[in-house]
Number of protein chains: 2
Amino acid sequence: MLPGVGVFGTGSTARVLVPLLKAEGFEVHALWGRSEEEACCLAKELGIPFHTSRSDDVLLHQDVDLVCIYIPPSMTRQIAVKALGIGKNVVCEKAATAVDSFKMVTAARYYPQLLSIMGNTLRFLPAFVAMRQLLVEGYVGEMQVCDVRVYGPSLLDQSYGWTCEELMGGGGLHTVGSAIIDLLSYLTGARAHRVHGLLRTFVQQNGLIRGIRRVTSDDFCFFQMLMGGTGSSSGGVCCTVTLNFNMPGSFVHEVMIVGSTGRLVARGTELYGQRNGSKGEELLLGDSGWVGPEVKEMPLPHLQGLSSMVKALRQSFQAHEERRSWARGPVAMAPTFEDGLYVQTVVEAVKRSSCSGEWECVEIMSQEPDPNHNLCEALQRNKN
Amino acid sequence: MLPGVGVFGTGSTARVLVPLLKAEGFEVHALWGRSEEEACCLAKELGIPFHTSRSDDVLLHQDVDLVCIYIPPSMTRQIAVKALGIGKNVVCEKAATAVDSFKMVTAARYYPQLLSIMGNTLRFLPAFVAMRQLLVEGYVGEMQVCDVRVYGPSLLDQSYGWTCEELMGGGGLHTVGSAIIDLLSYLTGARAHRVHGLLRTFVQQNGLIRGIRRVTSDDFCFFQMLMGGTGSSSGGVCCTVTLNFNMPGSFVHEVMIVGSTGRLVARGTELYGQRNGSKGEELLLGDSGWVGPEVKEMPLPHLQGLSSMVKALRQSFQAHEERRSWARGPVAMAPTFEDGLYVQTVVEAVKRSSCSGEWECVEIMSQEPDPNHNLCEALQRNKN
């Protein structure tokens, strides 16, 4: 039996998610927005019976068994941890910091019977599912290089907000890069141990953000990850990722993996491959012909990935009679909160590298840092 | 009147160059090869009246006024410097080291009346000539990012030789990267002041190179250049270059420049552009339909660039009656030996960065280093 759903957020993802949930048979009982107006407006538009701007009203709602959290990163941890504490299953977007991610991991470990997955949705895209399968089967031989590029228009909201602020989790690296970091660990089956990166904010002001306000989040980001292995100069896969959001009117989403005997390239939602010795590329998985809603702000790979994730959620829950119970199988490939912590750790290491100019190690937090130490760091940061 | 030409080299470039020279009306009088057999064989094939394996026989040949040097990098400096000393005009490929390049610069400065240009041929490709013109005219607004990738099959020769040896000037960075480094300084009108890079040799042995022999030259290289400006964190253009020569059966040669109001992309020999606000890319310069020889080892952009350079040489020389005199105009855009030194300095900085893991400054040599110091460095190098 499918669980009742409560949705946090009124942004473009929430707007797409609700129809996708309904299409799979989920009932969406409650919607939370930062303001009553936002919540009311979207609830009316999407036909959701209850809306609120108080998070407890959704978390404690008796018909809500699954909470989907698609809100600004800085608020995610609080809601996600509380939802688990109340005994709700959670699907959520990334948090703003590694400390927040660590707190979410702690909560998820504490309630292992509850579903807790990250809504980084590229893993579910059929092209990447097929890509991973082919990599496992040895299509490219030994993996050498992953080369990812995502180009598109500005990620900034119309008005000044968290998307403009690096410390609030805005920017290409945090927003799009984290989905890529997660995807690459899924595809290669390895994690980054060292990273190097360069972030830039080319557009610091525009027609809407001006005066004393300035964008601090990156619109260009470029990073390298050395995966697996521990040697500094040999072994392991080299990943290079280029994100450029100063390219209005274009959308490029390309993930290429080159190995010793061939290569695989996902362009948008399609998968191509070429084995060494063959004359040209073969189409391995065509565009399935997306029939869902089109969303300007949301690129097709993310949209289709989200749709596939919702399908997997349906399969996971409908396997059981009890509406809070779920089967691990269909969502086994979803990123866990531990994966979320890893991704956040890489994001922060790339940011550190962009400041230091050096390769930075990816060291996953194993215990919560002393809050006073944090305070000192924050003060330090503000000084610069 | 066109000068008589002497060609050094029997490789794929020399093989292409001779017909191109003849097509423009140059007479090729002499060919030098490392062995009598190689020289004899190619001279016969190309209809060159004189061949030799002694360099002086070409340099002192009375009908030779222009010397084209397309030989392994480690031998280039010696021939080029000697040719200038004897009073011949010189077109040549890159040298193996910055010290060699510096010696060539010194010679070129000493004989300013002689033509001395680098045979890095991408500058002459019509797509890049048009690209530069559009950049100057402000098509992309303020330049932000250059993104270059070159993918292709292995650069190694059939047999073990200099292409396998990093110290001999082999590898993707030295062979292809240097043409890109030169091109980007031509396009942006700026020079790299800091670079960061990563080199890899994924294929260290193959069917032909095995046993105790091992390839040391890179087959994957990835570097970033910060151009112009002097601040470490702001201003200037970011260039990212990805070279991958583990992709048999493919050839990708893409140079993209993104600016504040639009972008330009050269794919192969074609130029595309898109201004912010327009819906799609426009074709700015189509493929001209190459009618010259096809060469498997030589990608079309290099081949067409070489052809355009030869045309420019013809224009430069035919402006004058005297067969050693030339006009600066038609070859003004060609890279000088000073540009060659810059390129070599960047190449070495990228290699240093790949070892150190740090951003390295590009500092152009201004005086020849103490040879004893060099010796110490060479010994040091051998120890590692």
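The chains referred to below are lettered A, B, ... by the order of the sequence lines, with proteins before strands, and numbering in each begins at 1.
- Shown here is B:Glu282, whose CD atom has more than 12 heavy atoms of other residues, nucleotides or ligands within 6.0 Å.
- Of all the heavy atoms in B:Phe220 and A:Cys238, the pair that sits closest is CE2-CB, 4.2 Å.
- The shortest side-chain heavy-atom distance between A:Pro248 and B:Arg263 falls under the 4.5 Å cut-off.
- The most heavy-atom pairs under 4.5 Å with chain A, out of B:Arg275, B:Glu281, B:Lys279, B:Gln274, come from B:Gln274.
- With salt bridges taken as basic N to acidic carboxylate O contacts below 4.0 Å, one links A:Arg149 and B:Asp147.
- Both the backbone and the side chain of B:Gln144 come within less than 4.5 Å of a heavy atom in chain A.
- In this structure, CG on A:Asn246 lies 11.5 Å from OG1 on B:Thr261, to the nearest 0.5 angstrom.
- Nearest heavy-atom pair across B:Arg200 and A:Leu226 is NH2-CD2, 3.8 Å.
- Classified by interplanar angle (parallel below 30°, tilted 30° to 60°, perpendicular above 60°), the ring pair B:His196/A:Trp359 is tilted.
- The OG1 atom of B:Thr242 lies 8.0 Å from the CE atom of A:Met256; values are rounded to the nearest 0.5 Å.
- The environment of CD in B:Glu137 is crowded: more than 12 heavy-atom neighbours from other residues, nucleotides or ligands sit within 6.0 Å.
- In this structure, A:Phe202 CZ and B:Met143 CE are separated by 11.5 Å, a value rounded to the nearest 0.5 Å.
- Residue contact with chain B, scored on non-hydrogen atoms closer than 4.5 Å, involves the side chain of A:Gln224 exclusively.
- The candidate with the highest count of non-hydrogen atom pairs below 4.5 Å against chain B, out of A:Thr201, A:Val145, A:Val203, is A:Val145.
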